[in-house]
Amino acid sequence: MHDTATLILELGAVLLGLGILGALAMRVGISPIPLYLLAGLAFGKGGILPLATSEEFISVGAELGVILLLLTLGLEYNADELVTSLKGNARAGIVDLVLNAAPGAIAALLLGWGPVAAVAMAGVTYATSSGITAKVLSDLGWIGNRETPVVLSLLVFEDLTMAIYLPILTAMLAGVSFVGGAVTVGIALTTVSVVLLVALRYGRFIEAFVSSPNSEVLLLKVVGLALLVAGVAQQLQVSAAVGAFLVGIAVSGELAEDAQALLSPLRDLFAAVFFVFFGLQTDPTKILPVAGLAALLALVSMITKLLTGAYAARRAGIARAGRARAGIALIPRGEFNIVIAGLAVAAGVHPDLGPLAAAYVLILAAFGPLAARLVQPLITAIAKRA
């Protein structure tokens, strides 16, 4: 009974604290993600007030947060749009991969952390935060701009790249042989291909199964199906988050809009818990020694994302102002970067990898939205001059 009471008290304090931090972030005009990470650092080992009993419960909540984040992202697209977008922007997606995976991999190798850490850090510096970028586009009124489809297509390319990358990383972290790793990747690719095929050809049957005039039933069906597919995907060595993303793609039209409206509060709750959980796993005393390296890596990553956005937008025939907006929108890092770093930390790859990733994400999650707001008047001036 005492443990249960402590668990409820701790969870209540954490959620109330997150609500206060979220309100503060809204007033200041920044993403709440850095504040959530700071809260996790405060409640974790080495923090101001370490949690006693609720860390395991928060761990499960964090898993749900990742699944719901990717499910709602998948609801933004349908399968036809996804395939068309990928065909049109494949070259830009490859440029994005090369330019932005390289800084993390090179940093790990120069530090002498080894090839496994290099692969993990490549993922940490590669992926843009879909959640933060979507919020930036919405908050600044960029949703209807010509460059926005280019940005979204790059985000989709990154998410599908993660479907291939995560099984490779998981196999390397587990010390699986080359043959075993190849089998893992083959299973992952087959799983993704099957789910995409089902979404393309039989999406209407999935929609008919999930559809309901009752919002409670619709919510239960969508979340239940996403968790079921995510669990199967995890068993087949594919990221659970990628499985949830593909479920979202299979649902489209008005049904997807209804599901998204119902899921948004639930997603935001568990997403906040997810960022806190990563902070819980990181000792804040270890961040200061790597803060300089994190800042340098963040600066390089800003430049490479700006170049990526400019290149992709230019290929689409978009003017200079739109190219600048595309690059800025791609700067934030968040959920996938933390997921990758969390896998590496759990596998004990290198003790400094977690603190470096936390500091890196803190900088870019905070600076990305802030930079977009600060540069918006300059971009407007460039557009008028052009």
Side-chain angles (χ1 to χ4, degrees), residues 86 89-130 132-133 150-151 153-173 181 185 239 242 290-315 323-324 326-345 347 349-350 352-365 367-368 371:
L86 288 174
N89 293 283
R91 185 181 297 179
I94 292 169
V95 169
D96 181 22
L97 173 62
V98 173
L99 281 181
N100 295 288
I106 292 169
L109 292 173
L110 289 176
L111 290 167
W113 290 0
V116 177
V119 173
M121 282 302 300
V124 169
T125 58
Y126 165 55
T128 295
S129 168
S130 303
I132 300 177
T133 294
V150 174
V151 172
S153 69
L154 287 173
L155 294 180
V156 173
F157 189 93
E158 289 182 1
D159 289 333
L160 289 181
T161 301
M162 287 293 111
I164 302 169
Y165 165 82
L166 287 172
I168 295 172
L169 177 64
T170 304
M172 292 181 72
L173 292 173
V185 173
S239 164
V242 172
V290 297
L293 177 58
L296 178 61
L297 198 56
L299 178 61
V300 173
S301 293
M302 288 177 208
I303 295 169
T304 53
K305 282 294 184 183
L306 285 169
L307 291 173
T308 299
Y311 172 77
R314 185 178 180 181
R315 287 191 75 245
R323 294 174 207 167
I328 289 169
L330 293 169
I331 286 175
R333 305 297 201 278
E335 50 282 357
F336 254 140
N337 317 82
I338 299 296
V339 170
I340 293 161
L343 290 171
V345 168
V349 170
H350 195 279
D352 288 337
L353 195 150
L356 177 61
Y360 173 81
V361 170
L362 272 169
I363 293 167
L364 292 181
F367 185 79

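By convention here, the first residue in the shown sequence is residue 1.
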- For Y165 and I340, what are the C-alpha separation, side-chain angles and deciding distance, and is it a side chain to side chain contact (heavy atoms under 4.5 Å, CB included)? CA-CA 10 Å; Y165 165 82; I340 293 161; 3.5 Å; yes
- Show your working on side chain to side chain contact (heavy atoms under 4.5 Å, CB included) between L330 and L155 and close with a plain yes or no. CA-CA 8 Å; L330 293 169; L155 294 180; 4.3 Å; yes
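The ring pair (Phe, Tyr, Trp, His ring centres under 6.0 Å) pairs that include a residue from residues 89-111 number zero, where partners must be two or more places apart or lie in different chains. For the salt bridge (Lys or Arg N to Asp or Glu O under 4.0 Å) condition, no pair includes a residue of residues 99-119, sequence neighbours left out. Sequence neighbours left out, the pairs with a member in residues 101-121 that pass ring pair (Phe, Tyr, Trp, His ring centres under 6.0 Å) are W113-H350. Evaluation of the side-chain hydrogen bond (donor to acceptor under 3.5 Å, both in side chains) test over residues 99-110, restricted to residues two or more places apart or in two chains, returns D96-N100, N100-T304, N100-T308.
Here the closest heavy-atom approach between residue R333 and residue A365 is recorded as O-CB, 3.5 Å. Of all heavy-atom pairs spanning L154 and A312, the tightest one is CD1-CB, 3.9 Å. T125 and P103 make their closest contact through OG1-C, 4.4 Å (heavy atoms, listed as atom of the first residue, atom of the second, distance). Closest of all the heavy-atom pairs between L353 and A344 is CD2-CB, 3.9 Å. Taking all atoms of both residues into account, the shortest heavy-atom contact from T128 to A329 is CG2-O, 4.2 Å. Here the closest heavy-atom approach between residue K305 and residue Y126 is recorded as NZ-O, 2.9 Å.
For A298, the side chain to side chain contact (heavy atoms under 4.5 Å, CB included) partners two or more places apart in sequence, or in a different chain, are M302, Y360, I363, L364. Taking the side chain to side chain contact (heavy atoms under 4.5 Å, CB included) definition, one finds that L296 meets it with nothing, sequence neighbours left out. Partners of L109 by side chain to side chain contact (heavy atoms under 4.5 Å, CB included), not counting sequence neighbours, listed by chain and number: A118. For the side chain to side chain contact (heavy atoms under 4.5 Å, CB included) test, residues two or more places apart in sequence or in another chain that qualify with A358 are F278, T282, I287.
Checking side-chain atoms of N337 against main-chain N and O of S129 turns up no donor-acceptor pair under 3.5 Å.
Atom-to-atom distance recorded for L356:CG and L293:CG is 5.0 Å, nearest 0.5 angstrom. Taking CG from L111 and CD1 from I106, the interatomic distance works out to 12.0 Å, rounded to the nearest 0.5 Å.
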